[in-house]
Amino acid sequence: MNMTGIIFSEMYGEDLSVFTHDRNLAAIPFGGRYRLVDFVLSNMVNSGINNVGVLAKQNYHSLMDHLANNQEWDLNRKNGGLLLLPPFASEAVNHNNRGKLDELRNALNYLENATTPYVLLADAYVVYNMDYRPMLQAHIDSGADVTIAATRVEDSPAEFPSVFQAGRSGRVTSYALNCTARPGDFAGMGCLIISRQLLTSAIREYTARGIYHLERDFIQHQFNRGQLSLNLYEFKGVCLRIRDVDEYFNNSLAIIHEEVGGPLFRGDRPIYTRVTDEVPTYYGPECSVSACVIADGCSIEGEADNCVFSRGVRICKGAKVKNCVIMEGSVVGENVELENVIVDKWANITAGAELKGLTTNPVIIRKGATV
Amino acid sequence: MIERKKECIAMLLAGGQGSRLYVLTEDTAKPAVPFGGKYRIIDFSLSNCVNSGIDTVGILTQYQPLELNDYIGNGQPWDLNRNFGGAHVLPPYTRAKHSDWYKGTASAIYQNIAFVDRYNPKYVVLLSGDHIYKMDYHKMLEFHKEKGSECTIAVIDVSDAEATRMGIMSTDDNMAITDFEEKPKHPKSNHASMGVYVFTWDVLRQYLIADEEDPNSENDFGKNIIPAMLKDGRAMYAYPFQGYWKDVGTLDSLWQGNMDLLDPNDPLNIHDPNWKIYARNYASPSTRIDPGATVANSLVAEGCIIRGKVVHSVLYTGCVVEEGACVTGGVIMPNTVIKKGADVNYAIIGEQCVIEENATVGEKPESDDPFAHNGIAVVGHRKTIASGTVVKAKEII
């Protein structure tokens, strides 16, 4: 494979600060047994990429722990494999996110030593199942400097970090950041292909001048000056963006539906994750479960409707749980009633408690909390 | 150069056919038969080894080894991918002279003396990959050392009826073995061998060599090695084991072993975080239970999709139960699809089967006891049961 993968494990983290208190964005649990990073990482592996660098800046213990045994992704390679790229102890450490170019500077050595002509840059906050090989082919065929993966905005206007208009050939005609996309526009998926040569020279040149924003200061700026050609690669599959609590909640529950969960978890391109050797999930004699996605190691004795449970969740007798996302190891006690609640890992909802949020504003229980 | 050595290694006999599992072991060895939702039978012995601090396991294969070899791989799922030691699959091999299959359990170890000698161990734990149990072999090894034993055999107390089908140990008050009988008509004790042995290696080594030279020997531990050691007055002790131990070597016991896991007081307790049972994982997504489905009193592994009804059942990884299908008392092995309207009652369905629409497998008796049945129906691996077909109780397809 002539492409190296780089994953940004941070960026939109601040909008999900309730979850990123002691982990970074890429390590946020999603879809039962996964973490957000699993999706882009598995996509890379399934596309034949076996050199992957994961950029991490802060709170990355949880991510390291998750990726420690890179065997699960088949990335325990002698040549290549997975490398976590935390910052060098330089001035970059002392600044909050100044931009992706700043982060990429930490990967400069890694990128310069890579042998592939192309680099795939991917954000961890987007959940999708995609083969990057046709995208690379499209990039090569187009002759463009950068190819960006995007989805077509179908229904109502919505705001996206990057919005494109493109001609039929895929050549981008307009590129806007953080604005509202109208139906027919394209929304970026935080995923682009660029030649390694162009990327490394941009990192060196821009960061030397104190310019750090990859999209705005480099790609958009050069594009607007007519010095950089952009090609758009339309992705037609399921694409879930996780930028804030609302999106996290709604998209977590969306995977319960066949039309979303089916294409995301397909047999020919599995999503890999860390193996924890949990037992199969036990469903008690009096449980009632409908429209749920449930990981292994759970014990369900109460009622669950439209929920996602991570590994090792316990729903005790008499509990009623509706529209909830419950993360690893949390316990919902007897006769507890939950509706529209996100419960972070290892929380304990004690017997008889009653918590109700709104679909637009779910209640959030912090990691390890006792309610 | 300093010679590295291990105090204790394990040799796991995994070459048996398990012919009483019929279709389920037609093209796979018994230790590779799926069990308990996400495991295979051999996972229990392998996990016991690792949890007991044994990091070197020779796995002796002979009958249909493909699936088992593939499953063990480099031993990583059990943490047995070691630089010195780890999991090693040991099939029979040809030599300059006397090439042979493993004629019996003793011959299998005899042919791998060179493997054991590489680790120069003081003790060898001999196991069979046929049983479901959790056991700390380290404690047994300590017992072996304390007693100054040369051969220690783990025993479990069984009923008189069961005793007639097993190897029975008579012991003195100090647990020293005084007598050993294979399948006695009139058992003198209730201590049955579990097929778990600790040997002092240099002693066992001598007996293996002598046994191989004896043309009249069946080269079997139970029939030859143990009686020979007993006759010579070697220090032999029985190590009493308490807890769940099940030979899942028959279709009925395999089904029952799965159902035991549904017991709220599951005597095996596979949930114990301090004694995890490890298994190879296959990157399946979380299980999805669709609206209108019913799941009760069941174990469901990863990657299943349930739209129908599943009660008193164990569903293995990646099974699909479609709308209107009903599974009661089912042991459904990995990646099997139960199509719309199909009815599965008190049955074991092998891996990657398809039960077509409105087919019926097994019978549902009129009884209040959810586990009472008229006999288990069995469908072998990779079979398709055509639409509308009826497979009766006790039938084996």
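By convention in this document, chain letters (A, B, ...) are assigned in the order of the sequence lines, proteins followed by strands, and residues within each chain are numbered from 1. Computed from a predicted model, the values in this text were never measured in an experiment.
Sparse packing is recorded around NZ of B:Lys309, with 12 or fewer heavy atoms of other residues, nucleotides or ligands lying under 6.0 Å away. Residue B:Leu66 qualifies as open at atom CG: its count of foreign heavy atoms under 6.0 Å is 12 or below. The 12-atom threshold is exceeded at CG of A:Asp268, counting heavy atoms of other residues, nucleotides or ligands nearer than 6.0 Å.
Note on B:Ser284, B:Pro273, B:Pro77: by heavy-atom pairs under 4.5 Å with chain A, the leading option is B:Ser284. The candidate from A:Ser290, A:Gly31, A:Gly261 with the greatest count of non-hydrogen atom pairs under 4.5 Å with chain B is A:Ser290. Contact count versus chain A (heavy atoms, under 4.5 Å) is highest, among B:Ile270, B:Val311, B:Val310, for B:Ile270. No other option in B:Ala301, B:Ala296, B:Pro285 has as many heavy-atom pairs under 4.5 Å with chain A as B:Pro285.
Contact between B:Lys276 and A:Thr276 at its shortest, heavy atoms only, is NZ-O, 2.7 Å. The shortest non-hydrogen separation linking A:Arg33 to B:Asn281 is NH2-OD1, 4.4 Å.
Within residues 309-338 of chain A, no residue has any heavy atom under 4.5 Å from a heavy atom of chain B. The interface of residues 294-308 of chain A with chain B, defined by heavy-atom distances below 4.5 Å, comprises A:Ile294, A:Ala295, A:Asp296.
Between A:Pro280 and B:Tyr39, some side-chain heavy-atom pair lies under the 4.5 Å cut-off.
Looking at A:Glu278 and B:Lys38, no side-chain N of the basic residue comes within less than 4.0 Å of a carboxylate O on the acidic one, giving no salt bridge.
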- Task: I would like to know whether B:Val300 and A:Tyr282 meet side chain to side chain contact (heavy atoms under 4.5 Å, CB included); could you show each step before the answer?
- Result: CA-CA 7 Å; B:Val300 180; A:Tyr282 172 69; over 6 Å; no
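One distance of note links CD1 of B:Ile289 with OG of A:Ser288; it measures 10.0 Å at 0.5 Å rounding. Between atom CG of residue A:Asn76 and atom CD of residue B:Gln76 there is a gap of 8.0 Å, rounded to the nearest 0.5 Å. Between atom CG of residue B:Leu315 and atom OH of residue A:Tyr283 there is a gap of 9.5 Å, rounded to the nearest 0.5 Å. Between the CD1 atom of A:Ile255 and the CZ atom of B:Arg288 there is a distance of 9.0 Å, given to the nearest 0.5 Å.
Interface residue B:Thr287: backbone and side-chain heavy atoms are both found under 4.5 Å from chain A. Interface residue A:Thr281: backbone and side-chain heavy atoms are both found under 4.5 Å from chain B. Looking at A:Glu258, both its backbone and its side chain come within 4.5 Å of chain B, counting heavy atoms on both sides. Heavy atoms closer than 4.5 Å to chain B are found in the side chain of A:Val275, but not in its backbone.
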